[in-house]
2 protein chains.
Amino acid sequence: MEDEEKLVCAENCPHLNKINNVKSLEPKADEYQKLSNMFKLFSDETRLKIICSLLKEELCVCDLCELLGLNQSQVSHQLQLLRNSKLVKFRREGKQIFYSLDDEHVELIIQMALNHILEEEEKNGML
Amino acid sequence: MEDEEKLVCAENCPHLNKINNVKSLEPKADEYQKLSNMFKLFSDETRLKIICSLLKEELCVCDLCELLGLNQSQVSHQLQLLRNSKLVKFRREGKQIFYSLDDEHVELIIQMALNHILEEEEKNGML
DNA sequence: TATTCATATGATTACTTATTCATATGATAA
DNA sequence: TTATCATATGAATAAGTAATCATATGAATA
């Protein structure tokens, strides 16, 4: 810790107590990774639209294509990511495959984020 | 709609009612974009760590560097993104600049996502 | 059992985003 | 009023991700 490259400001960074406080409360490394992976799934507009569509209805791939105006390959690739992360489940019915959400937190997370957006819009609209 | 390239499965996709139902409830286009932008901010591990650190304490840039083991440029660049999206605010005190969160939803969103992660872990640990 | 339909997958390309390095800015202190 | 410290910023490169296109799979039907 002493001969390492100095990162802290000045000789005696006045905030070491803060740093230690934060450090003790922080999620651990692998949780950060899982969190960021989860948010990554929501961060692509196409995937987000797919997720939101599935919030309300079980849908087959072609329904999603039609609904979102996307081609089949695009939708399937994104569904693959969602599948791999266990965010959606699916069932086969004849030739079609129906996707639905496999998580109860998703709706809450999106709702929170939407609340944030709407509040921002209000704030800006009112100034 | 008739001479467009056909996206819907078969001649008579049986789920047009579903599609219309979903369509009527969906967030609008610009909201999707804002949502995905918001999630994009959380989707980078470095940024996420910065955000989580600021959940608990107002911190200066060099505190963040020290805490997260990152170089100053990395942290400043990411803070710039957070600033641009109005997710953090900052104040100058002498040579140092202190950052803090400027949003009440952030903690909730991360907490939800963390709940999801933990539940997944439990599920897998128990099988 | 050959054909069609719905979906999945692999490989390539195009795009986006983060990291790095060098330098600029703005405040303080010598 | 120059030197130093904390931070910001720009440009270049590197890394990661999505779109596209071609093809594969697996079920149903003729």
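Basis for what follows: all heavy atoms, side chains included, without hydrogens, waters or symmetry-related copies. Per chain, numbering begins at 1; letters A, B, ... match sequence-line order. Computed from a prediction, not measured in an experiment: that's the story for all the values here.
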A.B. asks: So how far is it from A/Ile51 CD1 to B/Tyr32 OH, rounded to the nearest 0.5 Å?
C.D. replies: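 That separation rounds to 10.0 Å.
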A.B. asks: Considering residues at least two apart in sequence or located in another chain, which fulfil the side-chain hydrogen bond (donor to acceptor under 3.5 Å, both in side chains) criterion with A/Arg83?
C.D. replies: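 Only A/Tyr99 meet the side-chain hydrogen bond (donor to acceptor under 3.5 Å, both in side chains) criterion with A/Arg83.
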A.B. asks: Which pairs pass salt bridge (charged side-chain N to carboxylate O under 4.0 Å, His left out) with one or both residues in residues 95-118 of chain B, sequence neighbours excluded?
C.D. replies: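 Listed by first then second residue: B/Lys89-B/Asp102.
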A.B. asks: Let me check I have this right: for DNA chain D, each base becomes ., (, ), [, ] or |, based on Watson-Crick or G-U pairs with both distances under 3.5 Å. What is the full string?
C.D. replies: ||||||||||||||||||||||||||||||
A.B. asks: Strictly by ring pair (Phe, Tyr, Trp, His ring centres under 6.0 Å), give each pair with a member in residues 34-56 of chain B just once, sequence neighbours left out.
C.D. replies: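 Pairs touching residues 34-56 of chain B that pass the test: A/Phe39-B/Phe42, A/Phe42-B/Phe39.
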A.B. asks: Only counting residues at least two apart or in another chain, list the ones meeting side chain to side chain contact (heavy atoms under 4.5 Å, CB included) with B/Ser76.
C.D. replies: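 Testing B/Ser76 for side chain to side chain contact (heavy atoms under 4.5 Å, CB included), a comparison that skips the adjacent residues, returns B/Val61, B/Gln72.
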A.B. asks: How would you list, by chain and number, every residue that makes a side chain to side chain contact (heavy atoms under 4.5 Å, CB included) with A/Leu114, sequence neighbours excluded?
C.D. replies: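 So A/Leu114 forms a side chain to side chain contact (heavy atoms under 4.5 Å, CB included) with A/Gln111, A/Leu118, B/Glu31, B/Leu35.
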A.B. asks: Measure NE2/B/His77 against P/C/dC21 and give the value in whole Å, please.
C.D. replies: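 The answer, rounded to whole Å, is 13 Å.
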A.B. asks: Sort and list the pairs that fulfil salt bridge (charged side-chain N to carboxylate O under 4.0 Å, His left out) and have at least one residue in residues 32-41 of chain B, not counting sequence neighbours.
C.D. replies: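 Residue pairs passing salt bridge (charged side-chain N to carboxylate O under 4.0 Å, His left out), neighbours aside: A/Glu121-B/Lys34.
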A.B. asks: So which of residues 81-92 of chain A are in contact with DNA chain D, with a heavy-atom cut-off of under 4.0 Å?
C.D. replies: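 Nucleic-acid contacts, sorted: A/Leu81, A/Arg92.
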A.B. asks: Under 4.0 Å, counting only non-hydrogen atoms across every strand here, what does A/Tyr99 touch: a base, just sugar-phosphate, or nothing?
C.D. replies: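 Counting heavy atoms under 4.0 Å across all strands, the contact made by A/Tyr99 is with sugar-phosphate only.
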A.B. asks: Under the side chain to side chain contact (heavy atoms under 4.5 Å, CB included) test, which residues partner B/Asn84, sequence neighbours left out?
C.D. replies: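 B/Asn84: side chain to side chain contact (heavy atoms under 4.5 Å, CB included) contacts with B/Gln80.
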A.B. asks: Give me the distances for all protein-to-nucleotides 28-30 of chain C N/O pairs that come in under 3.5 Å?
C.D. replies:
none

A.B. asks: Output the residues of residues 37-51 of chain B in contact with DNA chain D, where contact means a heavy atom of the residue under 4.0 Å from an atom of the strand; sort by number or write none.
C.D. replies: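 Per residue number, the list is empty: none.
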A.B. asks: Any side-chain N or O of A/Gln74 less than 4.0 Å from the OP1 or OP2 oxygen of D/dA19?
C.D. replies: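 A/Gln74 to D/dA19 OP1/OP2: side-chain N or O found under 4.0 Å.
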A.B. asks: Are A/Gln72 and C/dA6 close enough that a side-chain N or O sits under 4.0 Å from OP1 or OP2?
C.D. replies: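 Looking at the OP1 and OP2 atoms of C/dA6, neither is under 4.0 Å from any side-chain N or O of A/Gln72.
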A.B. asks: If the condition is side-chain hydrogen bond (donor to acceptor under 3.5 Å, both in side chains), which residues does B/Ser73 pass it with, not counting sequence neighbours?
C.D. replies: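 B/His77.
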